[in-house]
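For reference, the structure discussed in these notes is given below.
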Amino acid sequence: MRIATWNVNSLPARLERVQGWIERAAPDVLLLQETKLSDASAPHAFFEGLGYRFAHHGQGRWNGVAIASRVGLEDVVVRFGEPPAVAVELEGEEQVDPMGEARMIAARCGGVRVASLYVPNGRALDTPHYRGKLAWLARLGRWVEETARPDEPLVLGGDFNVAPSDLDVWDPAQLVGGTHVSEPERAAISRLLDWGLVDLYRLRHPEGERYSWWDYRAGMFHKNYGMRIDFLFGTAPIAARCVGSEIDREARKGKPTPSDHAPVVADLDGPGVAFDAGWGAEGRFEKRRGK
DNA sequence: ATGGTGGCCCGGCCA
């Protein structure tokens, strides 16, 4: 079984790329983030035409998460199972509450509990958005601890907007004092790992210079100045079944315009189906340096 | 060079 996660940065803007990638990578379960769609606009027929069932949790213009599965899709939960939040005032200090936003959907697919997660960006350390990010990550930790067990098949996938170690960023010195690398954010990821989740890509790839997100600006992708912030985290029974994992750098290249994130793939059981993930000869991306 | 790109959808906001 192949599970993948991909922040598509708008599903309607990415439909052609998503269809091409599904045909190329043939995931059994695809976790999507940043669909930027309302539930009423969710493209169920598009996914059904490709052989997938589709569950979407959106709010329109921002955020939005979804699960496409061709191995069953049951027991859908959104927003950690909490009731819809009332409208949140975003102007005042300490009023930022990402809990009400469309950032979490979970389901059971092919005997595996999967969650598609879009962690708040946090903007900057001294903002209420950062404190909201930490609160959201704490809610995620509590949801995992209260509703799952480390010995059952569970996969958390998505855009975590955290680089867990300095090996996951192109230049740690440039990011000091910023979000994505702060100690509290990394502690929130450690909480998940300490509970029993395993970073499936890192399990198969100990090397650095492998990222899942590159800024659109300033040629960051071409210089391979990126961060590894998209993950598939699996419990021990999932890690034991994981025969391979890739970040598909090919999906970040070319036209039509790609997302700024690449898909992360993990294969459970069997040999998997090999594909060139675009990191260059011998699987190593040749870093190019700007003038 | 204190920039740059891209998506929301048309004036800035967000990443």
Side-chain angles (χ1 to χ4, degrees), chain A residues 5-21 32-43 46 56-66 87-93 95-104 116-134 136-137 158-163 168-171 173-182 185 211-231 249 251-264 288-291:
Chain A
T5 182
W6 195 6
N7 178 325
V8 292
N9 184 21
S10 170
L11 185 52
R14 222 62 67 198
L15 273 186
E16 185 180 337
R17 300 278 315 212
V18 169
Q19 177 167 351
W21 193 78
L32 297 169
Q33 301 87 37
E34 278 207 88
T35 63
K36 298 186 176 180
L37 285 171
S38 66
D39 288 335
S41 306
F46 170 83
H56 183 268
H57 173 49
Q59 61 187 95
R61 187 171 178 186
W62 289 296
N63 310 313
V65 284
V88 176
E89 174 58 58
L90 292 176
E91 300 305 319
E93 174 75 1
Q95 297 288 309
V96 172
D97 177 17
M99 221 61 67
E101 297 172 351
R103 297 181 176 276
M104 182 273 184
S116 178
L117 306 169
Y118 178 42
V119 178
N121 175 284
R123 300 192 193 179
L125 297 190
D126 59 348
T127 64
H129 300 90
Y130 174 74
R131 292 184 279 281
K133 178 181 193 175
L134 295 182
W136 196 94
L137 283 165
D159 174 2
F160 284 75
N161 269 317
V162 179
D168 300 311
V169 302
W170 84 99
D171 184 358
Q174 285 199 34
L175 298 170
V176 170
T179 58
H180 295 62
V181 298
S182 75
E185 291 167 84
Y211 310 120
S212 66
W213 171 86
W214 301 260
D215 199 299
Y216 283 121
R217 297 168 287 186
M220 298 286 273
F221 177 67
H222 305 287
K223 293 183 280 194
N224 197 29
Y225 291 175
M227 291 196 272
R228 198 171 69 94
I229 56 176
D230 299 86
F231 301 97
R249 196 175 167 280
R252 180 62 176 78
K253 301 177 182 176
K255 296 287 180 184
T257 308
S259 170
D260 45 355
H261 295 253
V264 182
R288 296 190 200 101
R289 297 183 188 283
K291 241 176 94 76

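Bear in mind the structure is a predicted one, so any value in this text is a computation, not a measurement. Reminder, nothing fancy here: chain letters follow the sequence lines and each chain counts from 1.
- Atom CH2 in W213(A) sits roughly 15 Å away from atom P in dT5(B) (whole-Å rounding).
- Atom name C1', nucleotides dC14(B) and dG4(B): the rounded distance is 16 Å, in whole Å.
- In this structure, M220(A) atom CE and dG6(B) atom P are separated by 14 Å, rounded to whole Å.
- Comparing K255(A) and Y118(A) by the nucleotide of DNA chain B that holds the closest heavy atom to each, the one mapping nearer the 5' end is K255(A).
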I'd like to know whether L175(A) forms a side-chain contact (heavy atoms from CB on, under 4.5 Å) with H180(A), so could you lay out the CA-CA distance, the side-chain angles of the two residues, the decisive distance to 0.1 Å, and finally the verdict. CA-CA 8 Å; L175(A) 298 170; H180(A) 295 62; over 6 Å; no

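- Comparing the P positions of dA15(B) and dC9(B) gives a spacing of 16 Å, expressed to the nearest Å.
- Comparing dG3(B) with dC13(B), their P atoms sit 16 Å apart, to the nearest whole Å.
- In this entry the distance linking CG of N161(A) with P of dC14(B) reads 15 Å, nearest Å.
- Between the OG atom of S259(A) and the OH atom of Y216(A) there is a distance of 5.0 Å, given to the nearest 0.5 Å.
- Per the geometry, CZ belonging to F221(A) stands 15 Å off C1' belonging to dG6(B), to the nearest Å.
- Contact between the side-chain N/O atoms of R123(A) and the OP1/OP2 oxygens of dC14(B) is found at a separation under 4.0 Å.
- Note that CD of E34(A) and CG of N63(A) are 7.0 Å apart. Values are rounded to the nearest 0.5 Å.
- Going from atom CD of E34(A) over to atom C1' of dG6(B) covers 11 Å, rounded to whole Å.
- Computed from coordinates, the D260(A) CG to dC14(B) P distance equals 17 Å when rounded to whole Å.
- Nucleotides dA1(B) and dG11(B) have their C1' atoms positioned 26 Å apart, rounded to a whole Å.
- Using bins of under 30°, 30° to 60° and over 60° for the plane-to-plane angle, the ring pair H261(A)/W213(A) lands in the tilted bin.
- Separation of atoms CZ (F160(A)) and OG1 (T5(A)) is listed at 8.0 Å; rounding is to 0.5 Å.
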Would you please test R249(A) and W214(A) for side-chain contact (heavy atoms from CB on, under 4.5 Å) and show each step? CA-CA 10 Å; R249(A) 196 175 167 280; W214(A) 301 260; 4.1 Å; yes

Short heteroatom pairs, N/O only, protein and nucleotides 7-11 of chain B, under 3.5 Å:
unit_1 : atom_1 : unit_2 : atom_2 : d
dG7(B) : OP1    : R14(A) : NH1    : 3.2
dG7(B) : O3'    : S10(A) : OG     : 3.3
dC8(B) : OP1    : S10(A) : OG     : 2.5
dC8(B) : O2     : R61(A) : NH2    : 3.2

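- Note that CG of D215(A) is 13.0 Å distant from CZ of F221(A), once rounded to the nearest 0.5 Å.
- One atom, NZ of K133(A), and another, C1' of dA15(B), lie 11 Å apart when rounded to the nearest Å.
- Atom NE2 in H261(A) sits about 15 Å away from atom P in dG6(B), given to the nearest Å.
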